[in-house]
Amino acid sequence: MRELPKQYDPKQVEGKIYQQWLDGNYFHAERDPEKKPFTIVIPPPNVTGQLHLGHAVDETIQDVLIRYKRMKGYAALWVPGYDHAGIATQIKVEENLRVNEGLTRFDLGREKFLDRVWDWKNKYGDRIVTQLKTLGSSCDWERQRFTMDEGCSKAVREVFCSLYEKGLIYKGKRIINWCPHCTTALSDAEVEYEEKPGRLWHLRYPLADGSGEVVVATTRPETMLGDTGVAVNPEDSRYKDIVGKTCILPLVGREIPIVADEYVDMEFGTGCVKMTPCHDPNDFEVGLRHDLEQILVIDDNGRIINGGKYDGLDRYEARKVILKDLDDQGYLVKVEEHVHNVGTCYRCHSDVEPLASDQWFVKMEPLAKEAIRVVEDGTIRFVPDRFAKTYLNWMHNVRDWCISRQLWWGHQIPAWYCADCGHVTVSRTDACRCEKCGSEHITRDPDVLDTWFSSALWPFSTLGWPEKTPDLEYFYPTDVLVTGYDIIFFWVARMIFSGMEHMKKEPFKTVLIHGLIRDPHGKKMSKSAGNGVDPIEMIDKYGADALRFNLITGNSPGNDMRFYEERCEAMRNFANKLWNAARYVMMNLTVEKNALPAELKLEDKWILSKLQSLIAEVNENFDKYELGLAATKIYDFIWDSFCDWYIEITKPRLREGDQSAQQVLLYVLTDILRLLHPFMPFITEEIYGAIPHEAQALIIDRYPEFDEALAFAKEEADFESVMEAVKAVRSRRAEMNVPPSKRPHITLVTEKPDVFRAGTVYMANLAYAGGVNVTGEAPADTAGMVNVVTGDAKIYMPMAELVDLDKERARIEKELEKAKKDIGNQQKKLANESFVSRAPERVVAAERDKLAKARALAANLEESLKNLG
RNA sequence: GGAGGCUUAGCUCAGCAGGUUAGAGCGCAUGCUUCACACGCAUGAGGUCGCGCGUUCGAGUCGCGCAGUCUCCACCA
């Protein structure tokens with residue numbers, strides 16, 4: 001037998017074990033007609049990113065599920081992969097370029113710049129892979145994918161062309177969200193709204209005929225340069241007369257029409273709204289209805305254009321200047337404080353500028369139909385299901401998806417514009433002439449696609465689509481998608497409609513949603529706040545198993561969780577506990593095979609029976625995705641039932657060399673390792689390798705199933721009677737400060753002598769008894785005896801000299817009072833006719849039992865009190 | 001303006017197909033160098049399960065209302 005250190009050291013074990021798994025090729029999933037497939041595709045992390053706690057939870061959950069299913073005999077495939085993360089990566093490389101070389105991407109040009117990004121990707125692309133491995137992730141590394149690898153790029157191209165051909169992708173001039181810092185368009189989902197204090201400026205626009213003026217209210221006075229009309233509500237009697245007239249735009253001098261449109265809310269502001277079609281989505285629509293001119297006054301960098309003397313000013317600088325000019329010239333009527341929501345870029349948090357721009361869009365309405373159906377009819381299930389509502393609400397109101405980005409890093413749009421005839425050629429292969437007029441004067445659209453466009457195809461592009469691969473055939477649709485609620489719109493929703501459109505089949509059956517990890521104060525972890533915790537550091541300190549267990553327990557699906565380092569410590573302690581339990585079992589092991597003995601003692605049946613309940617519950621919890629619950633139950637079983645009771649109880653047997661005890665210990669320990677393995681893969685595998693075992697490795701051993709033959713309800717209850725007696729004696733001794741060395745001979749009076757005779761050895765060891773006499777009758781002379789009672793037993797210990805009679809009396813009286821209260825409650829319940837007739841029989845029976853027990857206890861207590869005198 | 005979450009021990013959180021004595025970790029108190037483990041063992045203190053009403057024989061658990069708190073979606077300039 002191997003000498004094992006007293007303290008478990010994850011560092012000595014984790015790397016070695018992970019290598020063993022790799023060597024055994026256990027992560028690799030083969031198509032196997034004998035097995036059912038179980039597939040998870042990883043939410044692809046940013047290829048140049050670093051593992052944070054958010055990933056750590058996400059990956060841990062997936063790994064737990066995959067390991068469980070693998071042990072259950074499925075062909076369990078976990079596809080790993082990475083996202084090119086368009087904006088994020090490009091910004092990082094640009095920043096790097098600026099700081100180190102003082103260059104912009106335009107200085108380098110597209111091709112050279114892209115080389116730099118690929119260099120960057122190759123340099124940092126391994127980091128996250130290594131980190132995932134450190135966590136214990138059992139991904140099939142042979143199938144590693146990247147959103148910009150050849151296959152995924154092909155899938156993107158195919159999808160773009162096919163949607164274009166179906167008329168589901170179009171190019172058009174719309175108001176889009178523009179980030180002046182990232183200088184690209186964003187989709188609606190990429191805009192985050194923040195409430196910011198602002199102002200409402202009331203401006204005077206004189207009527208052109210000199211007959212008066214209108215006063216408009218605006219939060220963005222600088223956009224007045226682009227005003228091409230004023231709108232009022234058609235029902236508004238105040239303004240009936242001026243509809244159709246024109247007014248003069250201050251500072252600019254343009255004559256603009258006053259139109260009537262229902263969009264205007266009569267209650268708000270003055271009831272007159274300035275119309276800036278190029279910089280407000282609503283104004284854009286109104287403008288289309290009334291044929292208003294479109295004048296763009298803010299450029300890609302957020303600076304004024306087409307604004308005369310204000311040209312070149314930053315939009316917020318321009319605001320100040322314009323307001324001053326308006327005020328100086330008497331156009332500023334009043335200013336009000338006004339809190340409003342400002343859209344910001346989800347990457348850089350600059351204020352987003354709505355502006356009219358020519359962009360590519362995915363037409364959502366037809367795609368949303370199926371995406372709604374499959375969630376409504378339960379084909380795809382959200383866990384917890386409340387997120388289905390969030391999803392459906394979004395999908396029902398979804399607007400067309402702006403997919404073009406003014407970036408270089410990403411999938412370039414496969415569209416070519418003809419300089420001669422203006423035709424747009426969209427092609428699966430790179431075009432060299434216009435498909436309509438044959439001209440070679442064509443140029444490719446410089447823009448790339450939204451990063452999420454390629455991630456939307458992830459569940460099938462990673463399995464080989466658009467080719468009809470055997471993998472795709474076998475492993476698609478995938479089973480579970482695990483992700484945080486924050487990317488339901490970005491990603492989950494888009495995978496669903498993409499899967500339905502291109503595969504005609506849902507991409508996954510279940511969406512398992514988890515919450516965000518927050519710091520101990522409940523704040524979001526972020527780099528800028530400096531409150532982020534590095535999972536790798538935690539693994540370094542406490543081990544991957546401890547981190548995993550921390551992340552899995554103590555929270556429930558969909559809810560946020562605060563991260564406490566102390567919990568990692570607690571979980572490390574748990575790992576150590578298991579380690580020592582195993583060490584102890586091994587130290588005493590002489591049997592070489594894991595098999596149960598022919599004869600089982602009471603305590604053996606008890607632990608085996610408890611184990612069966614655990615197995616049944618854990619399997620059930622897994623089926624319901626209640627991983628935290630399952631993990632907690634395993635923890636409790638190991639620490640309480642196995643270590644604190646069963647190991648303690650069997651110590652004397654082991655000392656006597658009783659092999660049956662060894663066998664049961666080994667049997668239970670092995671099942672424990674199996675049950676725990678998905679959660680704590682490293683330590684369980686390490687221990688498994690050190691004890692007699694059948695499978696080549698624990699990772700491919702079977703997961704325990706409930707075994708009826710090992711469920712012993714009666715023995716379980718009997719043994720718990722004994723446990724109760726042991727606890728009662730311990731409790732008494734602790735109260736009286738009796739040192740463990742003092743071991744009195746005790747007399748136990750009971751109506752179940754068989755049970756307690758079988759249990760004398762436990763009493764001796766666990767209740768520090770010098771000897772135990774089990775009898776049906778009370779000893780003749782109880783003077784000088786301390787007496788402690790349970791429902792099933794009266795126990796006498798000759799230690800009266802240690803007793804403080806008053807305290808003793810008070811204690812018994814307190815207990816008696818409680819017993820009497822219980823009796824009262826039970827009696828009341830049972831006297832209730834409707835309870836007895838309506839409650840299920842087992843509940844009524846349980847109440848009767850409780851009553852009988854409480855009565856017995858009360859009687860025993862009363863007797864004790866009498867004996868005290 | 002809509003939708004949703006949360007409110008249970010000093011702290012952080014589990015629990016609930018409605019039915020034992022409401023649990024855990026950490027913290028706290030007392031006692032233990034008991035031959036696996038002090039990253040431990042034993043014992044204990046600590047909870048009107050946010051408030052109110054209702055359904056039920058029976059409600060932290062289901063329904064409604066209220067309060068506090070957080071989040072998401074939409075957005076009226």
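Small disclaimer: the values here were computed from a predicted structure and weren't measured. Naming: A, B, ... by sequence-line order, numbering from 1 per chain.
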Peer 1: Select one nucleotide: of rA74(B), rG15(B), rA36(B), the one nearest the side-chain heavy atoms of Ala581(A).
Peer 2: rA36(B)
Peer 1: Check whether any side-chain nitrogen or oxygen of Lys853(A) sits under 4.0 Å from OP1 or OP2 of rU20(B), and answer yes or no.
Peer 2: no
Peer 1: NA contact type, Pro840(A), heavy-atom cut-off 4.0 Å: base, sugar-phosphate, or nothing?
Peer 2: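 Pro840(A): base contact, heavy atoms under 4.0 Å.
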Peer 1: Look at the side chain of His514(A) and the backbone N and O of Pro557(A), then say whether any donor-acceptor pair between them is shorter than 3.5 Å.
Peer 2: no
Peer 1: Between Asn233(A) and Gly271(A) (side chain of the first, backbone of the second, donor and acceptor by atom type, cut-off under 3.5 Å), is there such a pair?
Peer 2: no
Peer 1: NA contact type, Tyr193(A), heavy-atom cut-off 4.0 Å: base, sugar-phosphate, or nothing?
Peer 2: base
Peer 1: Just how far is it from atom OG1 of Thr483(A) to atom CH2 of Trp491(A), taken to the nearest 0.5 Å?
Peer 2: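 The OG1 atom of Thr483(A) sits 5.5 Å away from the CH2 atom of Trp491(A).
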Peer 1: Just checking Glu648(A): base, sugar-phosphate only, or nothing, at a heavy-atom cut-off of under 4.0 Å?
Peer 2: base
Peer 1: Identify which nucleotide among rC75(B), rG19(B), rA77(B) has an atom closest to any side-chain atom of Arg399(A), counting heavy atoms from C-beta outward.
Peer 2: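 Out of rC75(B), rG19(B), rA77(B), the nucleotide with an atom closest to Arg399(A)'s side chain is rC75(B).
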Peer 1: Hey, does Cys272(A) reach any base, or is it just sugar-phosphate, or nothing, if we go heavy atoms under 4.0 Å?
Peer 2: nothing
Peer 1: Regarding Tyr635(A), tell me which of base, sugar-phosphate or nothing describes its non-hydrogen contacts under 4.0 Å with the strands shown.
Peer 2: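 Touches sugar-phosphate only.
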Peer 1: Hey, can you tell me if Phe549(A) and Phe679(A) have their rings parallel, tilted or perpendicular (30° and 60° cut-offs)?
Peer 2: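 Perpendicular.
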Peer 1: With sugar-phosphate meaning primed atoms plus P, OP1 and OP2, does Val836(A) contact a base, only sugar-phosphate, or nothing at under 4.0 Å between heavy atoms?
Peer 2: nothing
Peer 1: Once you apply a heavy-atom cut-off of 4.0 Å, does Thr632(A) come out as touching a base, just sugar-phosphate, or nothing?
Peer 2: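 Since no nucleic acid heavy atom lies under 4.0 Å of Thr632(A), the category is nothing.
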Peer 1: Base, sugar-phosphate or nothing for Asp644(A)? Non-hydrogen atoms, less than 4.0 Å.
Peer 2: sugar-phosphate
Peer 1: Among residues two or more places apart or on two chains, list those pairs meeting salt bridge (charged side-chain N to carboxylate O under 4.0 Å, His left out) that have a residue in residues 627-638 of chain A.
Peer 2: Glu617(A)-Lys633(A)
Peer 1: Using OP1 and OP2 only, check whether a side-chain N or O of Asn573(A) sits under 4.0 Å from rG40(B).
Peer 2: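 For Asn573(A), the contact criterion (side-chain N or O under 4.0 Å from OP1 or OP2 of rG40(B)) is met.
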Peer 1: Are OP1 or OP2 of rA14(B) and a side-chain N or O of Ser556(A) less than 4.0 angstrom apart?
Peer 2: yes
Peer 1: Could you tell me whether the phosphate oxygens of rC41(B), OP1 or OP2, come under 4.0 Å of any side-chain nitrogen or oxygen in Trp639(A)?
Peer 2: yes
Peer 1: Look for any protein N or O under 3.5 Å of an N or O in nucleotides 5-8 of chain B and output each such pair with its distance, or none.
Peer 2:
none

Peer 1: Ser731(A) side chain N/O closer than 4.0 Å to the phosphate oxygens (OP1, OP2) of rG44(B)?
Peer 2: yes
Peer 1: Determine: side-chain N/O of Arg567(A) to OP1/OP2 of rU12(B), distance under 4.0 Å, yes or no.
Peer 2: no
Peer 1: Would you please name every residue forming a side-chain contact (heavy atoms from CB on, under 4.5 Å) with Lys624(A), sequence neighbours left out?
Peer 2: Glu620(A), Glu626(A)
Peer 1: Using a 4.0 Å heavy-atom cut-off, does His338(A) contact any base of the nucleic acid, only the sugar-phosphate backbone, or nothing at all?
Peer 2: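 Touches sugar-phosphate only.
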Peer 1: Identify the stems formed by RNA chain B, where each pair is Watson-Crick or G-U wobble with both distances under 3.5 angstrom and a stem is at least 3 consecutive pairs.
Peer 2: B:1-7 with B:67-73, B:10-13 with B:23-26, B:28-32 with B:40-44, B:50-54 with B:62-66
Peer 1: Using modelled atom types and a 3.5 Å cut-off, is there a donor and acceptor pairing between side-chain atoms of Thr344(A) and backbone atoms of Glu192(A)?
Peer 2: yes
Peer 1: Please state how far atom CD1 in Ile552(A) lies from atom P in rA14(B), giving the value in whole angstrom units.
Peer 2: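 Checked: the CD1 to P distance equals 14 Å.
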Peer 1: Could you tell me whether the phosphate oxygens of rC39(B), OP1 or OP2, come under 4.0 Å of any side-chain nitrogen or oxygen in Arg572(A)?
Peer 2: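 Indeed not, no polar side-chain atom of Arg572(A) lies that close.
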Peer 1: For a quick check of understanding: with a heavy-atom distance under 4.0 Å over all strands, which category does Asp265(A) fall into, base, sugar-phosphate or nothing?
Peer 2: base
Peer 1: Identify all pairs in which a protein N or O lies below 3.5 Å from an N or O of nucleotides 68-71 of chain B, and state each distance.
Peer 2:
none

Peer 1: Find the distance Lys577(A):NZ to rG25(B):C1' and express it as a whole number of Å.
Peer 2: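 One finds 15 Å between C1' of rG25(B) and NZ of Lys577(A), rounded.
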Peer 1: Could you tell me whether the side chain of Glu626(A) has a donor or acceptor atom within less than 3.5 Å of a complementary atom in the base of rA14(B)?
Peer 2: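 No pair found.
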Peer 1: Below 4.0 angstrom from OP1 or OP2 of rC39(B), is there any side-chain N or O of Lys6(A)?
Peer 2: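 The answer is no; no side-chain N or O of Lys6(A) sits under 4.0 Å from OP1 or OP2.
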Peer 1: Of all the choices, rC75(B), rC73(B), rC13(B), which nucleotide is nearest to the side chain of Asn341(A) once you look at every atom?
Peer 2: rC75(B)
Peer 1: Quick test of your reading: applying salt bridge (charged side-chain N to carboxylate O under 4.0 Å, His left out), list the pairs with at least one residue in residues 332-342 of chain A, sequence neighbours left out, ordered by first then second residue.
Peer 2: Arg199(A)-Glu337(A), Lys334(A)-Glu336(A)
Peer 1: When you measure from the side chain of Asp519(A) to the backbone of Gly522(A), do you find a donor-acceptor pair of N or O atoms at a distance under 3.5 Å?
Peer 2: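 Yes, the answer is positive, given that a donor and an acceptor are paired below the 3.5 Å cut-off.
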Peer 1: Side chain of Leu629(A) only, heavy atoms from C-beta on: which candidate in rA77(B), rC16(B), rU43(B) is closest?
Peer 2: rC16(B)
Peer 1: Between rU20(B) and rG10(B), how far apart are the two P atoms, rounded to whole Å?
Peer 2: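 So the two P atoms sit 24 Å from each other.
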Peer 1: Respond yes when some side-chain nitrogen or oxygen of Lys389(A) is under 4.0 Å from OP1 or OP2 of rA3(B), and no when none is.
Peer 2: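 The answer is no; no side-chain N or O of Lys389(A) sits under 4.0 Å from OP1 or OP2.
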Peer 1: At under 4.0 Å between heavy atoms, what does Lys850(A) touch on the DNA or RNA strands: base, sugar-phosphate, or nothing?
Peer 2: sugar-phosphate
Peer 1: Has the side chain of Asn576(A) got a donor or acceptor that lies under 3.5 Å from a partner of the other kind on the base of rC37(B)?
Peer 2: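 Result: no qualifying N/O pair found.
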Peer 1: Would a distance-only check, ignoring hydrogens and angles, find a side-chain to backbone donor-acceptor pair under 3.5 Å from Asp545(A) to Phe682(A)?
Peer 2: yes
Peer 1: Would you measure the distance from the P atom in rU71(B) across to the matching atom in rG15(B) and give it in whole Å?
Peer 2: 22 Å
Peer 1: I want to verify a distance call: between rG19(B), rA36(B), rC26(B), whose nearest atom is closest to the Ala570(A) side chain?
Peer 2: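 Looking only at side-chain atoms, Ala570(A) lies closest to rC26(B).
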